[in-house]
Structures are given as structure tokens and as C-alpha cells.
2 protein chains.
Amino acid sequence: MIRTVPALKENSVKDNNDMPGHLARRFQQIAVAVFLAEVGDAGFDLTPVQYAALATIKANPGLDQVTLAGLIAYDRTTITGVIDRLVQKGLIERRASPRDRRARELEITDEGRRALRKITPAVEAAQRIMLRGLSAKEGEELMRLLRKAIAAGNELSRAPLRE
Amino acid sequence: MIRTVPALKENSVKDNNDMPGHLARRFQQIAVAVFLAEVGDAGFDLTPVQYAALATIKANPGLDQVTLAGLIAYDRTTITGVIDRLVQKGLIERRASPRDRRARELEITDEGRRALRKITPAVEAAQRIMLRGLSAKEGEELMRLLRKAIAAGNELSRAPLRE
DNA sequence: CGATATTGCTCAGTATGCTGACTATCAGTA
DNA sequence: TACTGATAGTCAGCATACTGAGCAATATCG
């Protein structure tokens with residue numbers, strides 16, 4: 001820190017804190033950090049998207065990658081790498097679909113099931129920690145407003161949610 | 001889409017939509033897409049972090065990279081690359097500080113100033129669009145709750161806000 | 001003053017996330 | 001059946017973001 005720099009202006013055109021986009025990024029940044037810390041402390045090396053993919057594959061055995069991507073709102077090009085790493089870790093299996101030779105069927109392994117079970121408490125703790133500044137009522141309201149804003153903007157990103 | 005996949009279970013352990021972390025990522029995903037679309041339509045090729053850095057450099061001439069990183073809550077290792085690209089585009093200048101030879105002083109160029117001026121309406125439009133599902137009152141409430149949650153979690157990420 | 005700790009910055013490595021392009025395959029239709 | 005369009009997946013390229021390490025320079029303290 002350079003001590004002799006002039007005092008910061010307080011009247012920027014628009015304060016960062018007034019920008020929904022900035023707040024969105026900050027909240028997400030904290031959410032990811034908390035997730036990785038909690039899951040790491042529990043002894044696992046899983047990222048948020050890897051967890052989401054694993055849980056969704058468990059709940060929908062045999063689904064293909066595009067469907068998976070739609071269910072968790074990730075781009076299919078991103079999912080390719082995520083799946084690679086989950087396979088690498090032995091948590092899922094990827095095999096050609098007998099019905100559609102373009103598609104790959106995804107299946108959770110026993111090890112994946114075990115990891116998911118052990119990791120869930122850490123994931124839930126992370127969700128609480130990232131809302132720790134809010135009352136229960138405020139946390140609910142934040143989630144309601146986020147869901148509403150997201151629903152209205154669903155089609156605006158390349159990877160909309162597909163149910 | 002494989003048509004013969006079994007119907008999706010509705011009773012996952014925890015629906016994605018109930019996870020604050022998932023909602024945070026989705027909202028941020030939409031926010032970035034909207035930002036890039038609006039700014040791109042205005043004829044500019046600037047990312048959200050590049051815009052934030054540019055605006056902050058303009059408001060605080062001569063600041064160093066670590067201070068900049070703290071003001072917009074980015075990791076200093078990320079800022080290095082962002083600054084590289086802003087310099088590359090001719091929007092800012094980076095020069096050695098005469099007071100601290102470790103530090104680099106950042107200054108906006110005339111071209112950077114012009115770009116910032118022309119781009120601001122698009123940035124403001126983007127902020128409105130990402131909240132388009134909410135009433136004005138709800139948008140305010142969402143921002144208040146985000147600010148509150150972020151303040152409580154500020155120190156939980158590697159790149160906390162430093163004012 | 002000199003040893004030590006701290007700070008500013010960069011880099012290598014990894015993982016998201018995106019755009020755009022491409023291949024292989026499937027589906028619908030003339 | 002042959003043609004055309006759509007779809008599943010991958011890839012190259014780029015830009016965040018992070019961890020951890022390292023270098024150079026500054027600050028601190030005995």
C-alpha cells in the first residue's frame with residue numbers, strides 16, 4: 001500500500017455497492033470459498049459444480065451430458081471437463097448409450113455414492129455459513145428474490161436451466 | 001435428449017433451487033451474460049472485471065495493483081492479467097512507482113476515459129435488465145440482503161473488500 | 001546497522017465458464 | 001431412400017479465479 005496516494009474519492013459515478021452485478025459476483029465468490037473450505041475440511045476435494053453434477057447423476061441414473069447440463073444450468077462445453085474429472089476420481093462412469101451413439105450415459109459409482117453421503121453435511125454447513133449475516137427470515141427472502149430474478153433471466157445466459 | 005430415460009425423481013436430497021450457493025452462481029451467470037451482451041451491443045469488448053478496474057483506476061489515479069484489487073475485491077493474481085489486457089487495449093498505463101519500486105502506478109488514458117464514458121449507459125442498462133423480474137422495491141431489498149450477507153462473509157474469501 | 005518480517009507483484013498450475021467450430025449421429029421429410 | 005436440419009459431444013482459444021511459490025524491495029525491530 002502506497003501511503004502517499006491521495007485519499008480515495010467518495011463520489012464515484014456509481015459505487016460498486018450499488019451495482020447488482022458486483023454484488024452478485026461478491027456473493028458467489030464468498031459462496032465458492034465457503035464451499036471449498038467446508039468440503040476441504042471434511043477431507044474431500046470436490047468443487048461446487050462437481051458436487052452438483054454428482055448429486056444430479058445420482059438422482060437421475062443414466063442421464064446424458066446435455067440433460068445433466070440443463071438440469072444444473074451449465075454450458076455443455078464446461079460439463080465435458082467436469083465429467084472428465086469426476087470419472088478420473090472414480091466417482092462416476094461414462095459409457096456410450098446403446099440407444100443413441102452420440103450420447104454418453106452417466107452413472108454414479110459406489111465410491112461416488114459414499115463420497116456424496118459423507119460430503120453432504122459439509123455442503124449443508126456451507127449453505128448456512130454463507131447466509132450467516134442474515135436472519136432465517138432474511139435468508140428465505142434473499143433466496144426468494146434470487147429465484148425470482150433468475151427465473152426472469154433464465155434465457156439470457158447460454159446455459160439456461162432446463163427441467 | 002434421450003427419450004427413454006426414466007422420469008426425473010422429484011425428491012432429491014436437496015433441490016438445487018434451495019441452495020443459496022446454486023442461486024448465487026445462477027444469478028452471477030446471468031449478470032455476466034447480460035453485461036457482456038449489453039456492452040457488446042454498444043460496440044465494446046470489456047468484461048465486468050475490466051470495467052470495474054477501469055472505473056476504479058479513473059476514480060483513484062495512480063493507485064497500485066494491490067489497492068485496486070482490494071477496492072474491487074479481486075485476488076491480486078487475477079488483477080495482474082486483467083491489467084495486462086487493459087494496457088494491451090490502450091485504456092490504462094502501468095508504470096513503476098517512484099516511491100516504491102515494487103509497486104506499479106495505474107493511470108487511465110484518454111482513450112480509457114472515452115471508452116468509460118461511452119460504455120456507462122450500457123453498464124447501467126445491464127444492471128436494470130438483470131433485475132427485470134423484480135419490482136423496484138424488490139430489487140432494492142435484494143441488494144440490501146446481498147450487501148448484508150457479503151459484509152458478514154467478507155473475510156471468508158481470499159480477496160476480501162478493502163476500503 | 002543488520003537480521004527478519006512483510007509487502008507488491010509475477011508465475012505455474014488447475015478449474016471454471018464462455019464463444020465458435022467441428023464431427024458423428026439421429027430425426028424428419030420430400 | 002436421400003437430403004436436410006437438428007442434436008450430442010468434443011475441441012481450441014480466451015478470460016476469469018483460485019492456490020502456492022518465488023523474487024525483489026521495503027518496513028520493522030533488536
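To find a chain, count down the sequence lines: A is the first, B the second, and so on, and within it residues start at 1. The structure presented is a predicted model; accordingly, all values stated were derived computationally and were not measured.
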Using the side-chain contact (heavy atoms from CB on, under 4.5 Å) rule, pick out the option among A:V39, A:V32, A:V34 that qualifies with A:L36.
-> A:V32
More 5' along DNA chain C: A:R76 or B:R76, using each one's nearest nucleotide?
-> B:R76
Whichever of A:R158 and A:Q50 has its nearest DNA chain C nucleotide further upstream toward 5' | A:Q50
If you check every side-chain atom of [X], which of [options] has the closest atom?
X      : options                : result
A:R101 : D:dT10, C:dT25, D:dT16 : C:dT25
A:R102 : C:dT10, D:dA17, D:dA6  : D:dA6
B:T80  : C:dT10, D:dA17, D:dC11 : C:dT10

Rounded distance (Å) that lies between atom [atom2] of [N] and atom [atom1] of [X]:
X      : N      : atom1 : atom2 : result
B:D75  : C:dC9  : CG    : P     : 13 Å
B:R26  : C:dT16 : CZ    : P     : 18 Å
A:D84  : D:dC11 : CG    : P     : 8 Å
B:L36  : D:dA15 : CG    : P     : 12 Å
A:R162 : D:dT7  : CZ    : C1'   : 14 Å
B:F35  : C:dC18 : CZ    : P     : 16 Å
A:D45  : C:dA15 : CG    : C1'   : 10 Å

Would you mind classifying the nucleic acid contact of A:T77 as base, sugar-phosphate or nothing, using non-hydrogen atoms under 4.0 angstrom?
-> base
Would you mind classifying the nucleic acid contact of B:V32 as base, sugar-phosphate or nothing, using non-hydrogen atoms under 4.0 angstrom?
-> nothing
May I ask you to evaluate whether [X] reaches the phosphate of [N], defined as a side-chain N or O under 4.0 Å from OP1 or OP2?
X     : N      : result
A:R99 : C:dC26 : no
B:T47 : D:dT16 : yes
B:T78 : D:dT16 : no
A:R85 : C:dT16 : yes
A:Q29 : D:dT16 : no
A:Q65 : D:dT10 : yes
B:R94 : C:dT10 : yes
B:Y74 : D:dT16 : no

Is the closest side-chain heavy-atom distance between A:I108 and A:N60 below 4.5 Å?
-> no
Quiz item: cation-pi between A:R25 and B:Y74, 6.0 Å / 45° = yes
Sorted by chain and residue number, the side-chain contact (heavy atoms from CB on, under 4.5 Å) partners of B:A52 (sequence neighbours excluded) come out as B:I72
State whether the side chain of B:E38 and the backbone N or O of B:I129 hold a donor-acceptor pair below 3.5 Å, judged by distance alone.
-> no
Should we count CD of B:Q88 as having more than 12 external heavy atoms under 6.0 Å?
-> no
